[in-house]
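As the structure is a computational prediction, the values presented were derived from the model and not from experiment. Labels below follow one simple rule: chain letters A, B, ... track the order of the sequence lines, proteins then strands, and each chain is numbered from 1.
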2 protein chains.
Amino acid sequence: MTKPITAKNAAKQDFMPLMRELVRAYQAFASYDARLHRESGFGLTVSQADVIFTLGNTDGLTCSEIGERTLITKGTLTGVIDRLVKKGLVKRSRMNHDARCVQVSLTAKGEKVFGEAFPLQVEALGARFERLDPDVRKQAQATLAALRAIF
Amino acid sequence: MTKPITAKNAAKQDFMPLMRELVRAYQAFASYDARLHRESGFGLTVSQADVIFTLGNTDGLTCSEIGERTLITKGTLTGVIDRLVKKGLVKRSRMNHDARCVQVSLTAKGEKVFGEAFPLQVEALGARFERLDPDVRKQAQATLAALRAIF
DNA sequence: TGACATTTGTTCGTATTAGAACTATTATTT
DNA sequence: AAATAATAGTTCTAATACGAACAAATGTCA
């Protein structure tokens with residue numbers, strides 16, 4: 001016989017601390033990631049950098065492919081790419097065999113930014129993750145995968 | 001002798017899968033949470049519900065206190081509270097002993113929404129988290145705390 | 001007390017963010 | 001082939017989201 005959930009006892013549910021930790025862990029990471037981008041001097045927002053980094057070492061991707069990898073919704077993606085085009089870092093081109101798709105790829109300038117910014121970002125983030133023991137990292141990855149799977 | 005990080009090998013760094021899982025696990029949770037709020041019929045956004053749920057069972061909190069608990073930036077919070085005031089769910093009042101602070105508290109209508117919406121949300125989220133074994137949940141919580149601590 | 005630093009919340013500008021409606025194009029079915 | 005469905009992007013609206021600049025109030029220190 002489990003007790004019914006009320007406004008009074010809801011906050012004390014068993015899973016609440018876990019939920020809070022998930023949010024806070026992500027937030028801590030996201031804030032640091034954003035700060036790195038802000039202070040790196042490349043003038044990229046997190047989303048813009050995400051797209052640039054996704055397009056790197058690639059012959060170009062469609063908007064939907066970029067969306068799948070970056071988890072950016074298509075409606076949002078249009079605006080992000082608009083601004084990257086305006087900055088001259090990315091270009092759009094219609095595909096021949098399917099005129100619905102738009103191929104997005106890095107310009108020479110975009111390649112240059114990718115080549116410089118990506119390693120720096122990975123370096124800085126990696127330094128933080130390496131504070132965890134390799135086995136803890138392994139553990140964390142498995143745990144997060146399980147967590148993701150319940151939704 | 002560790003290899004230098006280049007644009008070519010950066011994506012293959014050891015910690016990248018873990019980072020990706022963190023983002024995806026959070027995203028999965030956040031999407032589900034948002035969907036629940038959208039379909040609950042209370043007409044609250046995630047941020048608005050977050051504030052309402054934080055104010056519940058409380059005699060009112062200052063904006064900075066709300067910000068600490070919800071992780072909403074103060075600049076954003078002003079707008080969120082504005083809209084909650086407009087909906088009649090929340091009220092602002094200056095504090096006597098410190099005229100800088102604004103005490104935010106639920107109205108009767110806000111209490112009612114809290115009393116109904118909060119248990120439902122907790123119930124639905126709890127059902128998902130309970131798909132994990134109790135020991136896995138314990139594990140996950142500790143892991144996320146460690147993850148948070150590196151940033 | 002007076003100068004200065006802190007804290008609190010608002011305002012502002014720019015950039016997401018999500019979903020819904022829409023257009024154009026391609027695929028499928030009858 | 002004509003009708004219909006499905007897919008890819010764009011556009012639109014409302015609401016975050018964040019840092020920076022700001023004003024008001026409080027705290028600190030000389």
Contacts table for residues 46-57 of chain B: side-chain donor-acceptor under 3.5 angstrom, sequence neighbours left out:
unit_1 : atom_1 : unit_2 : atom_2 : d
Q48(B) : OE1    : T45(B) : N      : 3.3
Q48(B) : OE1    : K87(B) : NZ     : 2.8
T54(B) : OG1    : D50(B) : O      : 2.6
N57(B) : ND2    : A7(A)  : O      : 3.1

Discussion item. Once salt bridge (charged side-chain N to carboxylate O under 4.0 Å, His left out) is applied, do any residues pair with K138(A), and if so which ones, sequence neighbours excluded?
Written reply: none
Discussion item. Could you work out, with side-chain contact (heavy atoms from CB on, under 4.5 Å) as the rule, every residue matching A146(A), not counting sequence neighbours?
Written reply: L132(B)
Worksheet item: Which atoms form the tightest heavy-atom contact between L89(B) and K109(B), and what is the distance?
Response: CD2-CG, 3.8 Å
Fill in: Smallest separation among heavy atoms of Q27(A) and L71(B), with atom names
CG-CD1, 3.5 Å
Item to complete: Assign R92(A) to base, sugar-phosphate, or nothing according to its heavy-atom contacts below 4.0 angstrom with the strands shown.
Response: sugar-phosphate
Fill in: Atom-pair distance (CE on M95(A); P on dT26(C)), nearest Å
12 Å
Item to complete: Could you label the plane-to-plane angle of the F118(A) and F114(A) rings as parallel, tilted or perpendicular, counting under 30° as parallel and over 60° as perpendicular?
Response: parallel
Practice prompt. Classify the side-chain pair Q103(B)/D59(B) by whether it contains a donor and acceptor separated by less than 3.5 Å.
Written response: no
Worksheet item: Under the side-chain contact (heavy atoms from CB on, under 4.5 Å) test, which residues partner C101(B), sequence neighbours left out?
Response: T62(B), M95(B), D98(B)
Fill in: Residue mapping more 5' on DNA chain C - nearest nucleotide basis, N96(A) or K87(A)
K87(A)
Worksheet, complete the sentence: Walking DNA chain D from its 5' end, the first of D98(B) and D98(A) to be reached, judged by nearest nucleotide, is D98(A)
Worksheet item: What closest approach, in Å, do L144(B) and A25(A) show between heavy atoms, and which atom pair accounts for it?
Response: O-CB, 3.7 Å
Item to complete: Identify, with sequence neighbours excluded, every residue that meets salt bridge (charged side-chain N to carboxylate O under 4.0 Å, His left out) alongside E116(B).
Response: K112(B)
Practice prompt. With sequence neighbours excluded, tell me which residues meet salt bridge (charged side-chain N to carboxylate O under 4.0 Å, His left out) with R92(B).
Written response: D82(B)
Practice prompt. Strictly below 4.0 Å, heavy-atom distances to any atom of DNA chain D: list the hits from residues 27-51 of chain B, or just say none.
Written response: T45(B), S47(B), Q48(B)
Discussion item. Using a 4.0 Å cut-off to any heavy atom of chain B, which nucleotides of DNA chain D are the first and last in contact, reading 5' to 3'?
Written reply: dA15(D) to dT26(D)
Fill in: Summary of side chain to side chain donor-acceptor pair (under 3.5 Å) pairs that have at least one residue in residues 70-81 of chain A, sequence neighbours excluded
none
Worksheet item: What residues, two or more places apart in sequence or in another chain, satisfy ring pair (Phe, Tyr, Trp, His ring centres under 6.0 Å) together with F129(A)?
Response: F15(B), F151(B)
Worksheet entry | Relative orientation of the end axes in the helix from dT1(C)-dA30(D) to dT30(C)-dA1(D), expressed as an angle to the nearest 10° (five pairs per end) | 20°
Worksheet item: Using a heavy-atom distance cut-off of less than 4.0 Å, which residues of residues 70-85 of chain B contact DNA chain D?
Response: T73(B), T76(B), V80(B), R83(B)
